[in-house]
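All values derive from a computational prediction rather than experimental measurement.
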Amino acid sequence: MATPDDGGDAGGKARRRWLTLGETIAVLALVISAASFWDAHQDRKITRATVEKPRAATPLVLKASATDDGDTLAITAAGNDRVIQTQTIIFPESLGVDPVDTVGNARIEAGWFADALRQALPEPRKAGRLPVGIVTSYTDNGTERTDIALYDIGHGWRSRLLQSDAPRLEGITLVSRGGKDLAARVEARWLKAHPAKR
């Protein structure tokens, strides 16, 4: 026959068992909550690092379209977030043409080198390529950058009334990029296509 003490002990054991289960549920809830908080913290940390990390610069590629019946090449930068500020155009030393600086109106004009090119090439003159170095200062999504590259100007020839043959500019093609000895590289490319006469 059960005594009051026995019943009390049985009730106590039951209470202790339910208390332990309640604590377990509370601990599990706390662990899940902490894990969720940690995940959210890590996500914010990764997002902040992605936003704050400076965008890697992609190489600049210049595009050119002929205007004024081929007398001028209007130059633009590929990409809507890039704006050309200034450029320096470097010609082969053999032509004896000084570098030309442009500000705010990126372009190449045939008149800058037409006479020198005409004198350097034998008749009959054929369509060809003129190597030039182009140093471009530009903004890339608000960041100021500089690009140094070697390009070829594609050109043909045409006759004009009361004037000798004139080069007709067609476009530009990227040859290589990098700033080391740009003028020397331009000259070397010119001499490779037009070896100096001895």
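Atoms CG and CD1, from Asp152 and Ile172 in turn, are 10.0 Å apart once rounded to the nearest 0.5 Å. For the atom pair CG (Asn141) and CG (Asp81), the distance works out to 4.5 Å, reported to the nearest 0.5 Å. If you take CD1 on Ile90 and CG on Leu182, they are separated by 4.5 Å, rounding to the nearest 0.5 Å. Rounding to the nearest 0.5 Å places CZ of Arg107 at 11.5 Å from CG of Leu73. The distance from the OH atom of Tyr151 to the CZ atom of Arg177 is 6.0 Å, given to the nearest 0.5 Å. Note that OG1 of Thr139 is 5.0 Å distant from CD of Gln85, once rounded to the nearest 0.5 Å.
Of all the heavy atoms in Arg129 and His155, the pair that sits closest is N-NE2, 3.9 Å. Closest non-hydrogen pair, Arg118 versus Pro167, comes out as NH1-CD, 4.4 Å. The two residues Ala74 and Thr67 come nearest to each other via the heavy atoms CB-CG2, 4.3 Å. Here the closest non-hydrogen pair linking Ala110 and Leu169 is N-CD1, 3.6 Å. Between Ala77 and Leu62, the shortest heavy-atom contact is CA-CD2, 4.5 Å. The nearest pair of heavy atoms linking Val186 to Pro131 is CG1-O, 3.5 Å.
Under a 3.5 Å cut-off, the side chain of Ser33 and the backbone N or O of Ala29 do not form any donor-acceptor pair. Judged purely by atom type and a 3.5 angstrom limit, Glu187 uses its side chain to pair as donor or acceptor with the backbone of Glu93. For Arg185 (side chain) and Gly178 (main-chain N/O), a donor-acceptor pair under 3.5 Å exists by modelled atom type.
By the 4.5 Å heavy-atom criterion applied to side chains, Lys126 and Leu121 are not counted as neighbours.
The cluster map of Ile, Leu, Val, Met, Phe, Trp and Tyr, joined by side-chain heavy atoms under 4.5 Å apart, puts Val61 and Ile148 in different clusters. Using a 4.5 Å cut-off between side-chain heavy atoms of Ile, Leu, Val, Met, Phe, Trp and Tyr, with links allowed through other members, Ile153 and Leu150 fall into different hydrophobic clusters. Follow the hydrophobic side-chain contacts under 4.5 Å out from Val135 and you never reach Ile89; the two are in separate clusters. A continuous path of Ile, Leu, Val, Met, Phe, Trp and Tyr side chains, each step under 4.5 Å between heavy atoms, connects Leu60 with Ile84, placing both in one hydrophobic cluster. Hydrophobic clustering, with ILVMFWY side chains joined whenever heavy atoms are under 4.5 angstrom apart, groups Val97 together with Val132.
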**Request:** Any chance you could lay out the side chain to side chain contact (heavy atoms under 4.5 Å, CB included) test for Trp157 and Leu117, step after step, and finish with the verdict?
**Result:** CA-CA 11 Å; Trp157 290 92; Leu117 188 61; 3.9 Å; yes

**Prompt:** Does the pair Ser137 and Glu144 meet the rule for a side chain to side chain donor-acceptor pair (under 3.5 Å), with working shown?
**Reply:** CA-CA 7 Å; Ser137 295; Glu144 295 183 7; over 6 Å; no

**Message:** What verdict does the side chain to side chain contact (heavy atoms under 4.5 Å, CB included) test give for Phe113 and Val100, after you've listed the backbone C-alpha separation in whole Å, the side-chain angles of each residue and the deciding distance to 0.1 Å?
**Reply:** CA-CA 10 Å; Phe113 56 86; Val100 176; over 6 Å; no

**Prompt:** Taking it one step at a time, do Arg189 and Val175 satisfy side chain to side chain contact (heavy atoms under 4.5 Å, CB included)?
**Reply:** CA-CA 10 Å; Arg189 187 166 177 81; Val175 176; 3.8 Å; yes

**Message:** For a side chain to side chain contact (heavy atoms under 4.5 Å, CB included) check, start with the C-alpha distance between Asp98 and Trp112, then their side-chain angles and the critical distance, and finish with the verdict.
**Reply:** CA-CA 9 Å; Asp98 292 333; Trp112 296 344; over 6 Å; no

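The residue from Thr58, Asp147, Thr143 that alone fulfils the side-chain contact (heavy atoms from CB on, under 4.5 Å) condition with Arg82 is Thr58.
For the 3.5 Å distance criterion, the side chains of Thr72 and Glu109 fail to qualify, holding no donor opposite an acceptor.
Salt bridge status for Arg158 with Asp71: present, with a side-chain N to carboxylate O gap under 4.0 Å.
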